[in-house]
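Source: prediction; values computed, not measured. The figures that follow rest on heavy atoms only: side chains count, while hydrogens, waters and symmetry mates do not.
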Protein chains: 2
Amino acid sequence: MKTRDKILLASLELFNDKGERNVTTNHIAAHLGISPGNLYYHFRNKSDIIYEIFLEYEKLVNYYLEIPDDRPLGLPDMMFYLESVFDGLWSYRFFHRDLEFLLDNDERLRDDYRKFTNRCLASIKQIFAGLTEGGVVQRQAEELQGAMALNVWLVITNWMAFLKTAHASHESDSVSRDELKQGIFQVLTLEMPYLMPDYREEVLQIRTRYRPDLLGD
Amino acid sequence: MKTRDKILLASLELFNDKGERNVTTNHIAAHLGISPGNLYYHFRNKSDIIYEIFLEYEKLVNYYLEIPDDRPLGLPDMMFYLESVFDGLWSYRFFHRDLEFLLDNDERLRDDYRKFTNRCLASIKQIFAGLTEGGVVQRQAEELQGAMALNVWLVITNWMAFLKTAHASHESDSVSRDELKQGIFQVLTLEMPYLMPDYREEVLQIRTRYRPDLLGD
DNA sequence: GACTCTCTAGAGTATATACTCTAATAATAT
DNA sequence: ATATTATTAGAGTATATACTCTAGAGAGTC
C-alpha cells in the first residue's frame with residue numbers, strides 16, 4: 001500500500017480510537033514507523049489529512065444514501081438505510097466528535113460539511129417521501145417534514161456522543177459497534193407515530209432487535 | 001467581587017465565546033489582568049475551574065427542572081420548562097461543545113455528568129407523565145417513554161452544536177440566543193404526534209413563534 | 001512594631017505539538 | 001551508467017500551554 005494511503009488509514013484508526021484532539025502528527029508517524037518528515041511530504045498539515053478522510057466519509061454516505069426514484073420505498077429499504085448510515089457513522093466515528101473544532105480550523109471543511117448536511121437532510125426527506133408513497137408512513141404536512149428530518153439527523157449524528165458520555169468508564173473506545181446500532185432503536189422510536197397502522201406491529205418487532213440493554217443504569 | 005468568582009465568571013465567558021479548547025489559563029488571567037500565579041492560587045488546575053462551572057450549571061438545571069407533584073401539568077408548564085432549559089443551555093453553551101474531551105480528562109466530572117444526565121432524563125419522563133395527567137399528551141406505552149425522553153434530550157443538548165456547524169461563517173460566536181431558542185421548534189415538532197387532538201392547533205400556533213428563518217439555506 | 005495569614009505578581013519551567021530543513025536513499029528515465 | 005525525480009529519515013525549531021516557585025504586598029492581631 002502507498003505510504004499516503006497508509007497515513008490516511010492509520011490516522012482514521014487512531015482518531016477513532018483516541019479522538020482527533022489526542023492524536024498528533026508525530027503519533028501517526030510513530031504508529032506507522034515512519035518519520036514526521038515523511039508524513040509531511042505527503043500532507044501539508046494535519047487539517048489536510050482530516051479533510052481527505054472527510055471526503056472518503058462523504059463519498060461513503062453519498063453512496064449509502066442513493067435513493068431510487070423509479071419506485072416507492074418499503075420497510076426493508078428503510079432498515080437498509082439505517083443500517084448503512086450507522087455503519088458509516090461507526091467507521092468514521094471520530095468525525096462527529098470534535099466536529100466544531102475541526103470546522104473552526106478549516107474553512108474548506110466547514111463549507112463542505114455544511115453542504116453535506118443539507119444533502120443528507122434532503123435525502124432523509126426524500127426517503128420519507130418514498131416511504132409515504134410506499135404506504136409505510138402517513139403523509140405529513142409539508143411544513144413538518146423538514147423539522148422531522150432534522151430531528152432524525154440530530155438523533156443519528158449525536159447518538160455516538162451520547163453513548164460516550166453515558167458510559168461509566170472511559171476505558172479506551174469502550175463503545176461497541178453494537179451499542180452504536182442501538183441508535184436505530186432511537187430513530188425507530190422517533191418514526192413510530194408516523195407509521196401507517198398496518199406497519200406499527202412489524203416495526204415494533206424489528207425495533208426490539210436494537211433495544212439497548214444498559215439504558216438507565 | 002472576590003477574585004475566585006471573577007475567575008469563574010471570566011472563564012465561563014471566554015469558554016462560551018471561544019470554546020474551552022481555545023482558552024488557556026494564561027488567557028483567563030490576562031483577560032482579568034491578574035497573574036497566572038494568582039489564578040493558580042485559587043484553582044489547582046483548569047479542570048477544577050471547569051468542574052466548578054459544571055456544578056453551577058447543574059444547580060441551575062436542577063432548579064429549572066423542579067416538578068410539582070401535587071398537580072398535573074399544563075401547556076404553560078411545558079413551555080416554561082423548555083424556555084428555562086434552553087436558557088440554561090445558552091448560559092453554559094461551551095459545556096456541551098467539548099463535552100467528550102472534558103469527561104475524558106476528569107473522572108469526577110464524568111461520574112457527575114452521568115448522574116446529571118440520568119436525572120434529566122427522569123425529569124423529562126416525569127414532565128411527560130404530568131402532561132399526560134393534565135390531558136395535554138396522550139398516554140404512551142411504558143416501553144416508549146424512556147426512548148422518547150432520550151430523543152428529546154438528544155435534540156435539546158445537540159441543537160447548539162448543529163447550529164454552529166450549519167452556520168456558514170465562524171465569525172466568533174455567530175450563533176445568537178434567538179437561534180438557540182429555535183431548538184424549541186424542534187422539540188415541539190418531536191412532541192406533536194403525542195399531543196391530545198385538542199391541543200394540536202394551539203401548539204402548532206405556539207410553535208410558529210420559534211420557527212427558524214434560515215433553515216435549509 | 002513584630003507576627004501571621006491571605007493574596008498577588010511575574011519570571012520561569014517542563015513538556016508537547018505542528019511543522020521545517022537538509023541530506024541521503026530508492027526508483028525511474030534516458 | 002548517469003541524470004533526474006520521488007521518497008524517506010531524523011534532527012531540529014518556534015510556539016504554546018499548563019503549571020510552579022519565590023518574593024513580596026496588604027490587612028489584621030497581639
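- OP1 or OP2 of C/dA18 has at least one side-chain nitrogen or oxygen of A/T25 nearer than 4.0 Å.
- Nearest to the side chain of B/H42, among D/dC19, C/dT8, C/dA18, sits C/dT8.
- Counting to the nearest Å, the P atom of C/dT17 and the CZ atom of B/R21 are 11 Å from each other.
- B/I34 comes within 4.0 angstrom of the backbone, heavy atoms only, and of no base.
- Distance CG (A/N22) to C1' (C/dT17): 13 Å, rounded to an integer number of Å.
- A cation-pi arrangement is not found for B/R21 relative to B/F101, the charged atom failing to lie both closer than 6.0 Å to the ring centre and inside a 45° cone about the ring normal.
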*Evaluate side-chain hydrogen bond (donor to acceptor under 3.5 Å, both in side chains) for A/Y113 paired with B/T165, printing each intermediate quantity in order.*
CA-CA 8 Å; A/Y113 182 75; B/T165 61; 5.0 Å; no

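- Taking atom CG on A/N26 and atom P on C/dT15, their separation rounds to 16 Å, with Å as the unit.
- Atom P of nucleotide D/dT8 and atom NZ of A/K2 are separated by 9 Å, given to the nearest angstrom.
- Annotation: side chain of B/D106 is not in contact with side chain of B/D48 (no heavy-atom distance under 4.5 Å).
- Distance from the side chain of B/N38 is smallest for C/dT8 among the nucleotides D/dA9, C/dC19, C/dT8.
- The phosphate of C/dT8 (OP1 or OP2) has a side-chain N or O of B/T3 nearer than 4.0 angstrom.
- Here C/dA18 is the nucleotide among C/dG10, D/dA18, C/dA18 with the atom lying nearest to any side-chain atom of A/T24.
- We find that CD1 of A/I28 is positioned 15 Å from P of D/dA9, with the value rounded to whole Å.
- In this structure, A/H27 does not reach the C/dA16 phosphate: none of its side-chain N or O atoms is under 4.0 Å from OP1 or OP2.
- Between the side chains of A/Y40 and A/N45, no donor N or O sits under 3.5 Å from an acceptor N or O.
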_As a quick check of understanding, evaluate side chain to side chain contact (heavy atoms under 4.5 Å, CB included) for A/F128 and A/E191, giving each step before the final call._
CA-CA 10 Å; A/F128 271 120; A/E191 294 179 352; 3.9 Å; yes

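- Counting only heavy atoms from C-beta on, B/N45 has its side chain closest to D/dC19 among C/dT6, C/dG10, D/dC19.
- Between the OH atom of A/Y40 and the C1' atom of D/dA11 there is a distance of 16 Å, given to the nearest Å.
- The separation between A/H31 atom NE2 and C/dT17 atom P is 17 Å, rounded to whole Å.
- Contact annotation: A/S35 side-chain N/O to D/dG10 OP1/OP2 distance is not under 4.0 Å.
- An OP1 or OP2 oxygen of C/dC7 is reached within less than 4.0 angstrom by a side-chain nitrogen or oxygen of B/Y41.
- Taking atom CG of residue A/L32 and atom C1' of nucleotide D/dG10, one finds them 16 Å apart after rounding to whole Å.
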